[in-house]
Protein chains: 2
Amino acid sequence: MVTIMDKLQTKEKQSDLRMTRQRRLILEELDTPGMHPTADTVYQRVRRRIPNISLGTVYRNLEILSQAGMVKKLHIGSGQKRYDRTLHRHYHVRCVKCGFISDVPAEPFGDLEEAARGSSEFDILGHDLEFEGLCENCKGDGIQQHQD
Amino acid sequence: MVTIMDKLQTKEKQSDLRMTRQRRLILEELDTPGMHPTADTVYQRVRRRIPNISLGTVYRNLEILSQAGMVKKLHIGSGQKRYDRTLHRHYHVRCVKCGFISDVPAEPFGDLEEAARGSSEFDILGHDLEFEGLCENCKGDGIQQHQD
DNA sequence: GTGGCTGCAAAGAATTTGCATGGGC
DNA sequence: GCCCATGCAAATTCTTTGCAGCCAC
């Protein structure tokens with residue numbers, strides 16, 4: 001089991017990262033704006049350019065990049081984990097019908113944490129906010145399948 | 001794969017629910033205040049009273065109860081799903097060190113969704129807010145393991 | 001050159017599902 | 001009695017890991 005101590009330690013090592021072809025292409029895929037791909041989606045896409053890359057490598061890299069703070073792991077919806085290139089802080093909306101995830105360009109609400117501090121014994125360090133709703137496609141009762 | 005249509009349909013059927021011994025005890029476990037157990041934790045606890053209950057039954061029931069709106073499925077942290085008896089709307093804090101999850105008794109922020117509506121094409125229906133922080137035990141650098 | 005990184009494959013963890021039987025209503 | 005619910009076990013799905021060779025620095 002990976003402990004937080006592992007995480008904290010790994011975070012220090014981010015300068016050691018070697019920029020392999022695999023890692024560079026994985027990062028490139030994540031740079032596509034508005035994407036919140038699963039590990040498998042990243043795998044499928046990078047495979048177009050490195051046909052024999054392994055899914056294990058993709059998982060390993062997403063984990064490493066996530067611990068280095070270059071990528072954010074999202075635990076949205078009930079399915080697989082998703083990954084988001086962390087450029088600036090933002091929120092997400094998930095379509096309750098098709099699962100499509102989109103960015104919400106709203107400014108982070110700073111006072112949320114202040115309010116939580118008043119009613120919890122925790123040291124509050126941050127927050128994640130996820131909206132639920134119906135995406136453009138699903139508003140009209142259409143049952144389309146959205147992409148990542 | 002379970003689609004949203006399945007979900008919506010099942011939601012209508014909530015009156016069909018039979019109150020079996022298994023289902024009742026699962027609900028009882030979830031009634032314990034402040035608990036956010038995983039399926040396996042529920043299984044372990046109910047097993048004390050129904051030794052031969054199966055893990056599959058626990059999963060099936062948690063899913064059914066969740067779709068009936070009696071239980072909320074939480075996707076917090078990276079690990080297993082957790083389940084929360086839905087009595088009233090509230091938020092959660094997760095300890096980044098030990099993973100302990102606690103309720104935040106703060107009142108829901110209604111204006112969050114209003115703000116999101118302004119900057120998204122989605123029909124916003126709701127939101128989930130999760131705080132991150134350090135729990136009482138972990139504040140002092142202790143690396144204790146919290147329970148559910 | 002060396003230590004991190006990769007591909008491959010097998011293992012592991014979490015959850016779902018098929019089927020025959022059992023039990024709530 | 002009907003039909004949903006259960007126990008059991010196998011199957012799926014997603015993710016991690018061991019290992020020998022490879023490659024970025």
Side-chain angles (χ1 to χ4, degrees), chain A residues 1-3 6-7 9-27 36-44 46-47 49-68 70-71 73-83 99 148, chain B residues 1-3 6-7 9-27 36-44 46-47 49-68 70-71 73-83 99 148:
Chain A
M1 171 167 333
V2 173
T3 69
D6 294 328
K7 276 195 193 171
Q9 285 172 350
T10 314
K11 218 161 206 165
E12 308 299 323
K13 289 201 240 163
Q14 68 183 93
S15 47
D16 288 4
L17 292 190
R18 289 187 186 173
M19 195 46 66
T20 62
R21 194 156 111 83
Q22 288 82 345
R23 184 163 294 160
R24 192 178 333 108
L25 288 182
I26 288 170
L27 275 171
H36 310 87
T38 63
D40 195 68
T41 300
V42 173
Y43 171 59
Q44 298 298 343
V46 173
R47 216 144 77 104
R49 303 215 256 159
I50 310 181
N52 67 329
I53 192 176
S54 91
L55 184 54
T57 295
V58 173
Y59 272 106
R60 260 181 303 228
N61 271 293
L62 290 172
E63 182 61 29
I64 288 169
L65 294 170
S66 152
Q67 299 199 344
M70 304 173 73
V71 162
K73 207 188 286 187
L74 306 178
H75 316 294
I76 294 188
S78 47
Q80 300 114 289
K81 291 167 191 145
R82 288 171 178 276
Y83 299 86
D148 301 273
Chain B
M1 160 149 2
V2 174
T3 70
D6 293 329
K7 276 194 194 172
Q9 283 172 351
T10 315
K11 217 159 205 165
E12 309 300 324
K13 288 200 242 164
Q14 68 184 93
S15 47
D16 289 3
L17 291 189
R18 288 185 186 172
M19 195 46 68
T20 60
R21 195 156 108 81
Q22 289 81 345
R23 185 164 292 163
R24 191 178 335 106
L25 288 182
I26 289 170
L27 275 172
H36 309 88
T38 62
D40 195 68
T41 300
V42 173
Y43 172 60
Q44 299 299 342
V46 174
R47 216 144 76 104
R49 301 215 257 161
I50 310 179
N52 68 328
I53 192 176
S54 91
L55 184 54
T57 295
V58 173
Y59 271 107
R60 259 183 303 230
N61 272 295
L62 290 172
E63 182 60 29
I64 288 168
L65 293 171
S66 152
Q67 299 198 344
M70 304 173 73
V71 162
K73 206 189 284 188
L74 306 178
H75 316 294
I76 294 188
S78 48
Q80 299 113 290
K81 292 168 191 141
R82 287 170 178 277
Y83 299 86
D148 302 88

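Residue numbering restarts at 1 for every chain, and letters A, B, ... go by the order of the sequence lines.
The side chain of A:Arg18 approaches C:dC5 more closely than any other nucleotide in the set C:dC5, C:dG7, D:dG7. For A:Tyr59, the listed nucleotide lying nearest its side chain is D:dC14; candidates were D:dG7, D:dC23, D:dC14. With C:dT2, D:dT6, D:dG18 as the candidates, the nucleotide lying closest to the side chain of A:Arg60 is D:dG18. When distances run from any side-chain atom of A:Gln22 to the nucleotides C:dG24, C:dT17, C:dG7, the shortest one goes to C:dG7. When distances run from any side-chain atom of B:Arg23 to the nucleotides D:dC14, D:dA5, C:dT15, the shortest one goes to D:dA5. Among D:dG7, C:dG7, C:dC5, the nucleotide with an atom closest to any side-chain atom of A:Thr20 is C:dC5.
The CD1 atom of A:Ile53 sits 10 Å away from the P atom of C:dC8 (whole-angstrom rounding). Taking atom CD of residue B:Gln67 and atom P of nucleotide C:dT15, one finds them 15 Å apart after rounding to whole Å. Protein atom CG of B:Asn61 is 15 Å distant from nucleotide atom P of D:dC4, rounded to whole Å. For B:Arg82 and C:dT15, the CZ to C1' distance is 16 Å, given to the nearest whole Å. Taking atom CD1 of B:Ile64 as the reference point, atom C1' of C:dG24 lies 14 Å away to the nearest angstrom. At whole-Å resolution of the value, CG in A:Leu62 and C1' in D:dT17 are 16 Å apart. The CD1 atom of A:Ile50 sits 17 Å away from the P atom of D:dC22 (whole-angstrom rounding). Distance, B:Leu55 CG to C:dT15 C1': 8 Å, rounded to whole Å.
With contacts defined as side-chain heavy-atom distances shorter than 4.5 Å, the pair A:Tyr83/A:Lys73 qualifies.
Taken from CG in B:Leu62 to CE in B:Met70, the straight-line distance is 12.0 Å, to the nearest 0.5 Å. Distance check: B:Arg24 CZ to B:Arg21 CZ gives 8.0 Å after rounding to the nearest 0.5 Å. Here CD1 of A:Ile50 is found 7.5 Å from OG1 of A:Thr20. Values are rounded to the nearest 0.5 Å.
Annotation: of the two residues near DNA chain D, B:Asn52 and A:Lys81, the 5′-most nearest-nucleotide partner is B:Asn52. Where B:Arg21 and B:Gly56 meet DNA chain D, the nucleotide closest to each residue was compared, and B:Arg21 sits on the side nearer the 5' end. Comparing A:Ser54 and B:Gln80 against DNA chain C, the residue whose closest nucleotide sits nearer the 5' end is A:Ser54.
Distances shown here put every side-chain N or O of B:Thr57 at or beyond 4.0 Å from the OP1 or OP2 atom of D:dA5.
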Could you walk me through whether A:Met19 and A:Leu27 pass the side-chain contact (heavy atoms from CB on, under 4.5 Å) test, one step at a time? CA-CA 10 Å; A:Met19 195 46 66; A:Leu27 275 171; 4.1 Å; yes

